[in-house]
Amino acid sequence: MAKTAAPVYDPQAIEPKWRAAWKRAGLFKVSEDAGKPKFYNLVMFPYPSGPLHMGHFRNYVIGDAFARYKLMRGYNVLNPFGWDAFGLPAENAAIKSGIPPRVSTEENIRISKHELDLMGVMYAWDREVTTCNPDYYRWTQWLFLKLLERGLAYKKLASVNWCPKDNTVLANEQIVNGVCWRCGTKPTKKDLDQWFFKITAYADRLLDDLDRLDRWPERVRVMQANWIGRSHGADLEFPLAERPDRITAFTTRPDTVYGATFMVLAPEHPLVAALTTDKQRAEVTAYIEKTRMETEIDRLSTEHEKTGVFTGGYAINPFTNERVPIWIADYVLATYGSGAIMGVPGNDERDLEFAKKFGLPVREIVSTTPQPTGAVTATVLGLEQGYAVNSGPYSGLRSREAFDRIITDAENRRIGRRTTTYRLRDWLISRQRYWGVPIPVVYCPEHGIVPVPEADLPVLLPPDVEFRSDGQNPLLYAKEFVNTTCPRCGKTARRETDTMDTFVDSSWYFLRYSSAQDDHEPFSTEKANYWMPVDQYTGGIEHAILHLLYSRFVTKVLHDAGMVAADEPFTSLFTQGMILRFGRVMSKSAGNGVTPDEMVEKYGADTGRVYELFIGPPELDAEWNDRGVDGVARFLHRVWRLVVGEEDNGPSTGTPVSSAGLLRKLHETIDKVSRDVEAFHFNTAMAALMELSNAMQDYIQAGGRRDETWDGVARDLARLLAPFAPHLAEELWQRMGQEGLVAMTPWPTVDPGLLRRETVTIVVQVDGKLRDRLEMASGISEAEARDQALKSPNVRRALDSKEPARAIFVPDRLINLVSR
RNA sequence: GCGGGCGUAGCCGAACUGGUAUAGGCGCAUGCCUUAGGAGCAUGUGGGGCAACCCGUGGAGGUUCGAGUCCUCUCGCCCGCACCA
C-alpha cells in the first residue's frame with residue numbers, strides 16, 4: 001500500500017515559530033477589565049543564579065500550564081514574572097572574580113529569560129519586576145519608611161545571630177536546623193545595633209487568619225502556627241527574699257504554682273548579678289561565661305543534659321509563702337517570656353529532670369482525681385486532664401478552674417496577670433552587606449535617626465565600590481555614600497550602611513506587578529484592588545515560613561495603611577515537590593541537572609513540559625527518568641501521526657471503538673482533564689490525554705475513518721493539549737485548517753448528553769464477592785438487574801441454589817446478592 | 001518527644017462521596033515491519049491453580065452486604081518543630 005509522505009513531528013522546526021506568534025499576539029498582555037473575571041496566577045520569582053535546569057522548571061511549567069488553561073477558560077489572567085535579584089551569591093562572586101554584582105545579575109537574568117522562552121513559558125513581560133533596579137527598590141525603601149512611620153520599624157541593640165561565613169546577621173527564621181539557611185554555617189552571637197520590623201505586633205492576626213487560608217496546604221499552615229507559637233498563660237511575680245526586687249515568671253500553668261519549689265533564670269537575666277551571693281559568685285560567673293560561648297544549637301539540643309548553678313538567692317512563692325532557691329540554667333531562654341520560670345517538677349518534664357539532677361523537692365500538685373494519689377509520676381497532665389491537689393484553697397478543682405481562679409486572685413493581689421506570649425520574634429532586617437536595598441535613614445549628630453524624605457528616594461547603591469576579601473561591607477568605605485547631610489538641618493551626617501534583608505524585597509513584589517511601570521507610587525491602589533489577592537500562588541515548600549509569613553505581614557500592614565483592600569496576599573497556595581535525579585535533588589552542585597537546552601535539542605520543549613507534568617503528583621518529589629521522557633515523546637509523536645499522519649496505520653487489530661464511543665471518550669476526557677487541572681492533578685490529566693489518544697488510535701485501526709466526528713475529536717484534542725504541549729497544539733490546530741491561535745480559543749466544554757451510555761457494566765456480587773460482570777441497559781431497575789444476575793451461571797453456582805435473602809443495588813454500578 | 005503526611009505491581013504511580021484494586025507511563029515477553037535499531041506498530045503482563053476458584057493495597061483486629069478508602073492497635077518511612085516554660 002502506498003503511504004502518503006506525511007511530515008514527521010519535528011519539534012525543533014515548529015516550536016520557535018509559535019513562540020514568536022504568542023509574543024505577537026500578546027498572549028498574557030492584560031489590563032484591568034471589569035467585564036471579565038480576573039485571575040492572578042503567580043509563581044515564586046527566582047533568584048537569578050545562572051543557567052536553569054529542569055528541576056527549576058517544574059514550578060514554571062505548572063504555572064504556565066495553569067495560566068494558559070485559565071486563559072482558555074475566559075479569565076483575564078495576570079501572569080507576571082520577575083527577579084529576586086539582590087542577594088549574597090552575586091556579591092560573593094564579585095569578591096572572587098571582580099565582576100560587579102549588577103553585571104553578573106543582569107547576565108544571569110538574560111540567560112534565564114532565554115531558557116524560559118525556550119520552554120514556551122510565557123509571561124506578561126511588560127510587567128517584569130527586578131528587585132535590584134532603582135525603580136523597584138525605591139519603593140522597597142518607601143515601604144521601609146511606611147513601616148517606620150507606623151511605628152513598625154525600629155532600631156535596637158540586640159544579641160543577634162551572626163553568620164561568620166556570610167559576614168552578616170540572620171533573622172530567627174533564617175536559621176534552619178541550627179545553621180545559616182544560605183550557607184549551612186553555625187551562627188554565633190553578636191551584640192549589634194540593628195533594624196527590626198515589628199512583626200510580633202501582627203502575631204495574633206497572622207495566626208488567626210491562617211484559618212481563612214483553607215486553600216493552603218495543611219502542613220504550611222501548621223508550620224506557620226507553630227512558628228508563631230502563641231501560648232496563653234500568666235506572668236506571676238515572685239518577690240526576692242532579701243531584696244526589694246521581684247522576678248516575673250511566665251507560665252502556661254499558673255494552676256501548678258503550689259508546686260513551684262525553685263526558680264530558674266536565664267543566665268543573661270538582668271537580676272542575676274544582684275541576687276548572686278558572694279559565696280556563689282565564682283561559680284555563677286563561670287557558668288555565664290560558659291553559656292556565652294555555646295552556640296544556639298548546642299544550647300537548644302534536646303540531648304543536652306540539664307546544667308545549672310545555684311545563685312545563693314531566694315525568692316518567695318507568693319502562694320505558698322515558702323522560700324524557694326533561685327538557680328540559673330541555660331535551658332531557660334532570655335528571649336522568651338520573661339527570661340525566668342518557676343520550676344514545677346511535679347508537672348513539667350524539664351523541671352523534673354532539673355530537680356532530680358540537683359536534688360530539689362518535687363511535689364504532687366496535679367492529679368488525675370480530685371485527691372492526691374501520693375505519687376509523682378513523670379507524666380505531665382494537661383489543663384483539661386487533671387485536678388489541682390496540695391494547692392491550698394484550690395485543691396480539688398479541675399486544673400482549668402484552678403488556672404482561672406489563680407490568675408484572678410493574682411491580679412487582685414497585684415502579683416500577676418493573664419498574658420499571652422509568642423515564639424515569634426521581631427523580624428531582623430539589617431544586613432551588613434552591599435548587594436541589597438540601602439536602608440533609607442541618616443544619622444545626624446543633632447537629630448539622631450532621620451528618615452530620608454520620600455521625595456529623595458531612591459537612596460542609590462553606589463555602583464563603584466571596592467569588594468574586600470575580608471567580607472566587610474563595601475558601603476562602609478564608600479565615602480560618597482556614607483558622607484551626607486541631615487535632611488532636617490543640613491549639617492554633616494552619616495548614612496546608614498546596612499542594607500535590607502532580601503526577604504523585604506520579595507514581601508511585596510506581588511503588589512508591584514499590578515503597577516510595574518508606575519514611577520509615582522509603589523502600586524496603584526485601584527489596580528492592586530482589581531488584581532489582588534493572588535488567586536493561585538505556586539512555589540517551593542522551602543518558603544513555607546520565611547517568604548510567606550513576611551508577605552502576609554507586609555500585606556496586612558499595607559491593608560491597615562489603606563493601600564490595598566486584601567489583607568491576605570495569596571488565596572490558594574500550591575507547593576510543588578522537587579525533581580531528583582540519581583536519588584539526589586537536581587542541582588548545579590550535584591551535577592545531575594538536565595538543562596532545557598538539552599531537552600529542547602533532543603525532544604523539543606513540549607516533551608519536557610508534558611514529562612514534568614506527568615512525572616508524578618506535583619506536590620511530591622519525583623525521580624527524573626530518561627525512559628519516562630522517551631515515553632512522553634512517544635505519546636506526542638503518536639498524537640502527531642494521528643492528526644497529521646497517513647491514512648493507514650496498519651492492520652485492523654485494535655479494540656473496536658464506535659464513533660459514539662469515541663465521542664464519549666472525548667467528553668469523559670474533557671471532564672477529567674478540567675477537573676484534574678483545577679485540582680492540580682496534572683499527572684492524571686496527562687494520563688487521561690494519553691487514554692484519549694489511545695482510543696483515537698483504536699478507532700482508526702478498527703476501521704474508523706477520518707470523518708467529521710474524527711475531525712471534531714482531533715480539534716478538541718488540540719485544545720486539550722494547548723496548555724501543556726502548546727507548540728504541538730498550535731501546529732496541529734493550524735494543520736487542521738483552524739484560524740487563530742489555539743492558545744486563545746475557548747476550552748472545550750463537556751456535553752453531558754454524550755457522556756451517557758446505552759449499556760453499562762454491572763458488577764454482580766454474591767455475599768460481597770465478585771462473581772460476574774454483565775452488560776445491562778443503563779438505568780436498569782433493581783428488579784430487572786436482579787433477574788439478569790440470577791441467570792448468570794457463575795452467580796447460580798455461587799448461590800448454590802439458595803435464594804438470595806436480599807440485594808444491595810447501586811444503580812448502573814453493582815448488584816450484590818446476599819444469601820444470608 | 002510533639003505536629004503533619006505516607007506505605008498499592010519489577011519501578012513511578014491511578015482509584016470522586018466505602019461499590020470492577022492496579023488507569024497512564026516505564027520495564028519485561030511474544031509477534032509484525034525493518035539491511036539495521038535504545039525506532040515504529042500489535043498483543044500480553046499481580047501471585048497460585050489444568051480448571052471451578054483461591055489469595056492479594058506494610059501487619060493484626062474491627063465496623064459493613066461490601067474496606068486501599070472508615071475505626072482501634074501495631075510496624076516502617078518522609079517532612080516540620082524541637083528544653084518556647
Side-chain angles (χ1 to χ4, degrees), chain A residues 176-178 217-223 225-227 229-231 233 249-253 256 264 299-306 329-333 335-344 348-351 353-354 421-425 541 544-545 611 614-617 619-632 634-635 637-638 641 649-655 672 675 679 681 683-691 694 697 701 761-773 793-794 797-798 804-810 813-820:
Chain A
V176 178
N177 294 326
E218 174 70 11
R219 60 173 176 152
V220 175
R221 291 192 291 167
V222 167
M223 280 164 76
N226 290 342
W227 187 262
R230 180 165 63 192
S231 310
F250 174 72
T251 174
T252 53
R253 295 301 297 272
T256 63
V264 190
R299 204 167 148 179
L300 294 182
S301 162
T302 317
E303 264 82 286
H304 189 51
E305 209 191 315
K306 292 270 178 298
D330 64 2
Y331 83 93
V332 175
L333 306 176
T335 46
Y336 184 80
S338 54
I341 61 159
M342 58 180 204
V344 185
D348 184 286
E349 262 179 61
R350 298 153 303 183
D351 296 346
E353 198 198 320
F354 193 79
T421 28
Y422 303 87
R423 219 186 71 119
L424 181 72
R425 311 291 156 78
I541 186 74
I545 294 172
Y611 180 61
F614 183 61
I615 193 166
E619 68 278 15
L620 302 181
D621 291 350
E623 173 76 22
W624 182 276
N625 178 350
D626 293 327
R627 302 265 201 186
V629 179
D630 286 332
V632 168
R634 271 197 284 275
F635 162 59
H637 275 97
R638 187 182 312 129
R641 280 195 308 274
N649 262 322
S652 303
T653 50
T655 323
K672 169 101 180 126
R675 281 189 287 113
H681 295 163
N683 55 326
T684 50
M686 296 308 104
L689 290 170
M690 289 173 184
E691 280 190 63
N694 290 345
Q697 181 139 333
Q701 283 178 345
T761 307
I762 303 268
V763 171
V764 183
Q765 298 182 335
V766 174
D767 296 328
K769 290 199 169 177
L770 178 80
R771 292 302 167 189
D772 210 344
R773 290 163 221 227
N794 287 355
R797 197 179 312 114
R806 63 186 173 118
I808 311 291
F809 181 62
V810 182
R813 292 204 81 138
L814 162 147
I815 183 155
N816 182 12
L817 305 168
V818 185
S819 68
R820 316 183 277 278

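Atoms considered below: every heavy atom in the structure, side chains included; atoms not considered: hydrogens, waters and symmetry mates. Chain identifiers are assigned alphabetically (A, B, ...) following the order of the sequence lines, protein sequences preceding nucleic acid strands; residue numbering begins at 1 within each chain. Because the structure is a prediction, the values reported are computed rather than measured.
Comparing atom distances between the A/Q697 side chain and each of B/G24, B/G3, B/C41 picks out B/C41 as nearest. Out of B/G4, B/G24, B/C54, the shortest distance to the side chain of A/F614 is found at B/G24.
OP1 or OP2 of B/G40 lies within a sub-4.0 Å distance of a side-chain N or O belonging to A/R634. The shortest distance between the side-chain N/O atoms of A/R221 and the OP1/OP2 oxygens of B/G3 is not below 4.0 Å. Checking the phosphate oxygens (OP1, OP2) of B/C65, a side-chain nitrogen or oxygen of A/R806 falls inside 4.0 Å. Checking the phosphate oxygens (OP1, OP2) of B/C41, a side-chain nitrogen or oxygen of A/R638 falls inside 4.0 Å. The side chain of A/K769 places an N or O atom within less than 4.0 Å of a non-bridging phosphate oxygen (OP1 or OP2) of B/C55. OP1 and OP2 of B/A39 both lie 4.0 Å or more from every side-chain N or O belonging to A/R641.
Separating the P atom of B/G13 from that of B/C6 is a span of 13 Å, rounded to the nearest Å. Rounded to the nearest Å, the gap between the P atom of B/G31 and that of B/C79 is 46 Å. Rounded to the nearest Å, the gap between the P atom of B/C33 and that of B/G47 is 30 Å. Comparing the same atom, P, in B/A15 and in B/G3 gives a spacing of 29 Å after rounding to whole Å. B/U63 sits 10 Å from B/A67 when the C1' atoms are compared, rounded to a whole Å. Spacing of P atoms, B/C54 relative to B/G66, comes out at 15 Å, to the nearest Å. Across B/A29 and B/C77, the matching P atoms stand 35 Å from one another, rounded to whole Å. For the C1' atoms, the distance linking B/C16 with B/G68 amounts to 15 Å, nearest Å.
The distance from atom CG of A/L689 to atom P of B/A23 is 18 Å, rounded to the nearest whole Å. To the nearest angstrom, P of B/G66 lies 8 Å from CG of A/D767. Separating the CG atom of A/D626 from the C1' atom of B/G25 is a distance of 15 Å, rounded to the nearest angstrom. Separating the CD atom of A/E218 from the C1' atom of B/G3 is a distance of 10 Å, rounded to the nearest angstrom. Taking atom CG on A/N625 and atom P on B/G10, their separation rounds to 18 Å, with Å as the unit. For the pair A/F635 CZ and B/G25 P, the interatomic distance rounds to 9 Å; values are reported in whole Å.
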Verify side chain to side chain contact (heavy atoms under 4.5 Å, CB included) between A/R425 and A/T335, making sure each step is shown before the conclusion.
-> CA-CA 9 Å; A/R425 311 291 156 78; A/T335 46; 3.0 Å; yes
From CA spacing to verdict: side-chain hydrogen bond (donor to acceptor under 3.5 Å, both in side chains), A/N694, A/R638 = CA-CA 9 Å; A/N694 290 345; A/R638 187 182 312 129; 3.2 Å; yes
A/I541/A/R219 under side chain to side chain contact (heavy atoms under 4.5 Å, CB included): CA gap, chis, key distance, verdict | CA-CA 10 Å; A/I541 186 74; A/R219 60 173 176 152; 3.6 Å; yes
From CA spacing to verdict: side chain to side chain contact (heavy atoms under 4.5 Å, CB included), A/F635, A/M686 = CA-CA 10 Å; A/F635 162 59; A/M686 296 308 104; 5.8 Å; no
Given side chain to side chain contact (heavy atoms under 4.5 Å, CB included), test A/Q765 with A/I808 step by step and report yes or no.
-> CA-CA 9 Å; A/Q765 298 182 335; A/I808 311 291; over 6 Å; no
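Atom CZ of A/R641 and atom CD of A/Q697 lie 7.0 Å apart (nearest 0.5 Å). The distance from the CD atom of A/E353 to the CG atom of A/D348 is 10.5 Å, given to the nearest 0.5 Å.
Across all strands, A/G229 comes closer than 4.0 Å to no nucleic acid atom at all (heavy-atom distances). Using a 4.0 Å heavy-atom cutoff across all strands shown, A/R425 reaches at least one base atom of the nucleic acid. A/T421 comes within 4.0 angstrom of no nucleic acid atom, judged by non-hydrogen atoms across all strands.
For the pair A/S338 and A/A249, the tightest heavy-atom approach, listed with the atom from each and the gap, is OG-CA, 3.5 Å. Minimum heavy-atom separation, A/P617 to A/N683: N-ND2, 3.5 Å.
Other residues, nucleotides and ligands contribute only 12 or fewer heavy atoms inside 6.0 Å of the CD atom of A/E349.
Helical stems in RNA chain B, defined as runs of 3 or more consecutive Watson-Crick or G-U wobble pairs with both donor-acceptor distances under 3.5 Å, are listed by first residue as B:1-7 with B:75-81, B:10-12 with B:24-26, B:27-32 with B:40-45, B:46-48 with B:53-55, B:58-62 with B:70-74.
In this view, A/D351 satisfies the salt bridge (charged side-chain N to carboxylate O under 4.0 Å, His left out) rule with no residue, not counting sequence neighbours. Checked against side chain to side chain donor-acceptor pair (under 3.5 Å), A/N816 has no partners two or more places apart in sequence or in another chain.
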Which letters describe nucleotides 76-81 of chain B, given B = protein heavy atom under 4.0 Å from base, S = only from sugar-phosphate, - = neither?
-> ---SSS
Go along nucleotides 11-22 of chain B 5' to 3' and tag each nucleotide: B for a protein heavy atom under 4.0 Å from its base, S when only backbone or sugar atoms are that close, - otherwise.
-> -SSS-B--BBS-
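Looking at which nucleotide of RNA chain B each of A/V222 and A/M686 is closest to, the 5′-most match is held by A/V222. For the pair A/N694 and A/I341, nearest-nucleotide mapping onto RNA chain B gives the more 5' position to A/N694.
For A/D767 (side chain) and A/S819 (main-chain N/O), a donor-acceptor pair under 3.5 Å exists by modelled atom type.
With a 4.5 Å cut-off on side-chain heavy atoms, A/N226 and A/V222 count as touching. A/E691 is not listed as a side-chain neighbour of A/L689, based on a closest heavy-atom distance of 4.5 Å or more.
Relative orientation of the A/Y611 and A/W624 rings is perpendicular, given thresholds of 30° and 60° on the angle between their planes.
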Considering only nitrogen or oxygen atoms on both sides, find all protein atoms under 3.5 Å from nucleotides 29-33 of chain B and state each distance.
none

